[in-house]
Amino acid sequence: VREKMNAMVNSAIVHYRDDLDLQNLIDFGQKEFGCCGGVSYRDWSQNMYFNCTPQNPSREFCSVPYSCCRQPEDQLVINTMCGQGVQMLSYPTAGEIIHTDGCIDRLVDWMHSNLLLTGAVALGLTLPQVRN
């Protein structure tokens with residue numbers, strides 16, 4: 001399950017800017033779970049805009065989406081450039097600005113703690129298929 005989830009998240013990271021719905025889903029998940037990327041924030045280098053190679057001409061070079069950032073509760077306006085260049089920082093330094101933990105572990109932990117709910121939703125989705 002973890003391998004399949006890892007492949008799915010990596011694919012979503014690659015196509016982050018291609019689909020606005022996917023982008024909103026990833027941003028929601030990263031903000032909700034306080035995480036960034038699949039395994040770590042450096043997974044964002046798989047995306048052509050956030051890629052951290054010297055040949056990348058993007059303005060988002062070595063960055064991560066704003067949804068990875070630690071937002072102060074009293075901040076009224078979201079700083080969408082807060083993740084600028086954080087892939088070049090060490091884990092401890094980046095950890096002061098963004099969530100450095102990956103979302104896969106957070107999602108698996110959430111599923112384990114909500115196993116009954118997850119099972120009920122899965123059952124609810126499959127029952128109408130079985131009845132037809």
Side-chain angles (χ1 to χ4, degrees):
V1 171
R2 193 177 296 265
E3 281 182 37
K4 192 71 167 165
M5 198 176 294
N6 193 23
M8 219 168 54
V9 169
N10 286 335
S11 176
I13 287 172
V14 168
H15 299 288
Y16 177 75
R17 290 279 188 234
D18 300 343
D19 181 1
L20 187 58
D21 291 332
L22 176 63
Q23 184 174 325
N24 288 332
L25 179 66
I26 292 171
D27 287 338
F28 171 78
Q30 289 187 148
K31 286 189 284 188
E32 188 69 25
F33 290 108
C35 58
C36 186
V39 176
S40 84
Y41 68 100
R42 292 212 169 114
D43 289 342
W44 281 102
S45 207
Q46 297 174 62
N47 182 284
M48 63 188 248
Y49 298 102
F50 299 113
N51 187 285
C52 205
T53 57
Q55 298 86 353
N56 186 0
S58 172
R59 291 189 321 177
E60 295 178 309
F61 164 80
C62 283
S63 299
V64 295
Y66 80 94
S67 55
C68 291
C69 295
R70 298 180 180 276
Q71 299 289 342
E73 302 244 347
D74 61 342
Q75 188 174 4
L76 299 175
V77 178
I78 295 173
N79 177 6
T80 58
M81 299 302 286
C82 58
Q84 192 75 28
V86 295
Q87 287 189 58
M88 292 187 287
L89 303 175
S90 66
Y91 271 77
T93 307
E96 295 173 10
I97 303 166
I98 64 166
H99 299 283
T100 54
D101 295 333
C103 295
I104 293 172
D105 287 336
R106 295 281 173 104
L107 188 57
V108 168
D109 290 345
W110 181 86
M111 288 174 69
H112 280 132
S113 62
N114 293 290
L115 203 53
L116 185 60
L117 175 65
T118 306
V121 168
L123 185 62
L125 291 173
T126 56
L127 277 178
Q129 299 298 323
V130 173
R131 293 189 80 180
N132 292 335

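Values below: every heavy atom of this structure, side chains too, minus hydrogens, waters and symmetry copies. A quick note: this is a predicted structure, and the numbers were derived from the prediction, not measured.
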Within-4.5 Å side-chain heavy-atom neighbours: [X] and [Y]:
X: W44; Y: C52; value: no
X: Y66; Y: Q30; value: no
X: V86; Y: F50; value: no
X: M88; Y: F61; value: yes
X: L89; Y: I97; value: yes
X: N51; Y: S58; value: no

Please report the interatomic distance [atom1]([X]) to [atom2]([Y]), rounded to the nearest 0.5 Å.
X: Y41; Y: H99; atom1: OH; atom2: NE2; answer: 14.0 Å
X: L76; Y: I78; atom1: CG; atom2: CD1; answer: 10.5 Å
X: D109; Y: F33; atom1: CG; atom2: CZ; answer: 10.0 Å
X: I98; Y: T93; atom1: CD1; atom2: OG1; answer: 11.0 Å
X: D18; Y: M48; atom1: CG; atom2: CE; answer: 7.5 Å
X: H15; Y: L22; atom1: NE2; atom2: CG; answer: 8.5 Å

Looking at [X] and [Y], what are the two nearest heavy atoms and their distance?
X: Q75; Y: P72; value: OE1-CD, 2.9 Å
X: I26; Y: I13; value: CD1-N, 4.4 Å
X: R17; Y: Q23; value: NH1-NE2, 3.0 Å
X: G34; Y: R106; value: O-NH1, 3.0 Å
X: Q46; Y: N10; value: NE2-OD1, 3.1 Å
X: G95; Y: R70; value: O-NE, 2.7 Å

Exercise. So does L116 have more than 12 non-hydrogen atoms from other groups sitting under 6.0 Å from CG?
Worked result: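 No, not enclosed.
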
Problem set entry | Heavy atoms of other groups near E3 CD, more than 12 under 6.0 Å |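 Open: at most 12 neighbouring heavy atoms sit under 6.0 Å from CD of E3.
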
Hey, is the main chain of [Y] close enough, under 3.5 Å, to the side chain of [X] for a donor-acceptor pair?
X: S63; Y: G85; result: yes
X: D105; Y: V39; result: no
X: E60; Y: G83; result: no
X: D43; Y: S40; result: yes

Exercise. Once you find the SG atom in C68 and the one in C36, is the distance between them below 2.5 Å?
Worked result: yes

For this session: Group every Ile, Leu, Val, Met, Phe, Trp and Tyr by side-chain heavy-atom contacts under 4.5 Å, then state whether V64 and Y91 land in the same group.
Result: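 Both belong to a single hydrophobic cluster.
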
Problem set entry | Transitive ILVMFWY side-chain link V108 to V9, under 4.5 Å |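 As far as the 4.5 Å side-chain criterion goes, V9 and V108 are connected within one cluster.
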
For this session: Decide side-chain contact (heavy atoms from CB on, under 4.5 Å) for D21 and L25; before the verdict, give the C-alpha distance in whole Å, the side-chain angles of both, and the deciding distance to 0.1 Å.
Result: CA-CA 6 Å; D21 291 332; L25 179 66; over 6 Å; no

